[in-house]
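If you're wondering where the values come from, they're calculated on a predicted model, not measured in any experiment. In the text below, chain A, chain B and the rest are named by the order of the sequence lines, each starting its count at 1.
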Amino acid sequence: MTSAIVGRLSQALLVLLALSVIGFTGIHSVGNPVYNVVNIETATAEDIRNATIALGLDQPLWWQYCRFMSNVLAGNFGTSYIYHLPAFALVMSKVPATLELATTAMLIAAPCGTLLGLLAGRRQGGWIDRAVLKASVFALSIPSFWLSMVLILLGAVAMGWFPSSGRGPTVLLMGQEWSFTTLDGLRHLALPALTLAIPNVALIARLARAGTAEVENQDFVRFCRAKGLSSRRILFRHTLPNISIPIVTMIGMQFGGMLAFAVVVETIFAWPGIGKLLIDSIQLLDRPVVMATLTFVSVAFIGLNALVDLFYAVLDPRVRLS
Amino acid sequence: MRAFWKRPERGRAGFARLVLAAYVLLALAAPAIAPQNPYDPLQIFGWEASSPPGTSSGGGYVYLLGTDGLGRDIISTILYGLRISLVVAVTSTAIAALIGVTIGVSAAYFGRWVDAVLMRIVDLQLSLPTILVALIAIVTLGPGIDRIILAIIIVQWATYARIARGVALSEIGKPYLDAARLLRLPTGRIIFRHILPNSIAPAITLLPIELGHAVALEATLSFLGLGVPIDKPSLGSTVANGFQYLLTGQYWISLFPGLALFGLIASINFVGEDVRRSLDPRSRSHDA
């Protein structure tokens, strides 16, 4: 067990290291951020040279990478070129907003998806089953940016029920600002969370449907039925626990995916999370912030995946023993 | 590939096939049937910008779906955007499949450290969310149609490589390959003429599904302003252009191109699902 954990973690670390080299080389070979730092109209050639030296851009790339890595190991991602704040602290200040969004979306998606999957899988080929399968293909086909826009059009422009952008009032709780504690904050949360949730409802429903269909044909379910248990009790007390492991896995993996996909949704809803920060920073060539954000998302995603793998091993005796 | 053209059984995904065929025809015929050429400034009337659907134009036709913020006919931008979306997706999916399968088969054939290194790279890629890989790639490569094709290839090749390697590994133990080796055929010939054709089938089932992903990915990157250039908009960038007009109620600029995009991806996905199901007997009973 311990060797499995060590093996899994060292593999994850190797992935991160490789990623940092690729990402660093890529991001540092595009554009010249000096022009976003100095005032282009008034800057003299000397100003530009000084700024280049101040940002360390006069050094060769491999040296910049070594310096970056040694700083990162000391917990320092450098200072944002634009905001003049420590890059990592800047990213961390945006994390709660993204976490709040992703968690809300998952709280919508997991129960809805599981329920739909159970209902669909219980009677394979029935009208619920066919409707869920069809709807899931549609739900997985909608590009998330267009889904956001349709929801804005319906919920904000046409009906006026929900605000179309921003985070609304926040309340300080445990040292962080949160939206979900106020009614207006919840209204701001509704549309972006729904956008993130809809494809995941479809994914989870398909997974739950496949699991249910398999479990419902097994002997113990037939026995339950013979015993005269109500079909609702069979579904929730006997089938659901048996299909829960893959669903939990999927939830864990998709949660990491949401952190990454939040890029699109946050950009559209002007949700002040790490996704919007990433896109803004890419466009402004704010390299330290781009590196810090990408590192955070990758670590979170790979960490979550490793956790899910380990969790799987704990839950499923077959994996644990092999 | 034959399964794609096979007559659909019991009308399964038959409608989706029809829609997809219509999309391809429309894209091919775009210059002939579009009311105007949205890339030609001489055919665009700036004072007719943001006209609602049904307005008649100075060019002697009716803007059935309205015009965008620059005065371009929405139907025409959809038709021309469709061409770009499809060209980008088809090119990148085809090249990604070719590269991926070749790499997967080579990894299986050479084994040892080649296999280990290549498969670690595949693991690295598949352990990250696609949008993240695409963002890193496009930030590195810069904007432009050729770059976005390259970015999608970078995102997709790994899936094909993993699948092709698995099949190729089981092929390599077979007698006909021992015979090929004993005949001292050149390595390239063994890989491309003997192993590859026998390991390509499962990768082909993936094609339509990955094509749908490619369309969505290109649209998303273009929407974020990191994709195709603005003067030659794809469906994704057309939708993006309309976003700023959405809040003022000019819904048609982004709604209709988005609807076209959604229909395209959905029809590809329905067909892809059907192809996969009919080629994979295991998933015929319980499709996950």
Worksheet item: Quick one: are A/W271 and A/V265 in side-chain contact, heavy atoms under 4.5 Å?
Response: no
Discussion item. For a side chain to side chain donor-acceptor pair (under 3.5 Å) check, start with the C-alpha distance between A/E266 and A/T98, then their side-chain angles and the critical distance, and finish with the verdict.
Written reply: CA-CA 8 Å; A/E266 285 179 4; A/T98 301; 2.7 Å; yes
Discussion item. Treating B/Y80 as the side-chain partner and B/S234 as the backbone partner, does any N or O pair qualify as donor plus acceptor under 3.5 Å?
Written reply: no
Worksheet item: So, B/F15 versus B/F270, ring centres under 6.0 angstrom or not?
Response: no
Worksheet, complete the sentence: Whatever's closer than 4.5 Å to a heavy atom in chain B on A/I142 counts as both
Worksheet entry | B/L261 versus chain A, the contacting section by heavy-atom distance below 4.5 Å | side chain
Item to complete: Would you check if B/F223 and B/E218 make a side-chain contact, meaning some heavy-atom pair closer than 4.5 Å?
Response: no
Worksheet item: Measuring heavy-atom distances to chain B, does A/L140 have an atom under 4.5 Å in its side chain, in its backbone, in both, or in neither?
Response: backbone
Practice prompt. Under 4.5 Å, counting heavy-atom pairs only, tell me which of B/L217, B/I268, B/I131 racks up the most with chain A.
Written response: B/I131
Fill in: Per-residue contact mode, B/L135 against chain A (heavy atom under 4.5 angstrom)
side chain
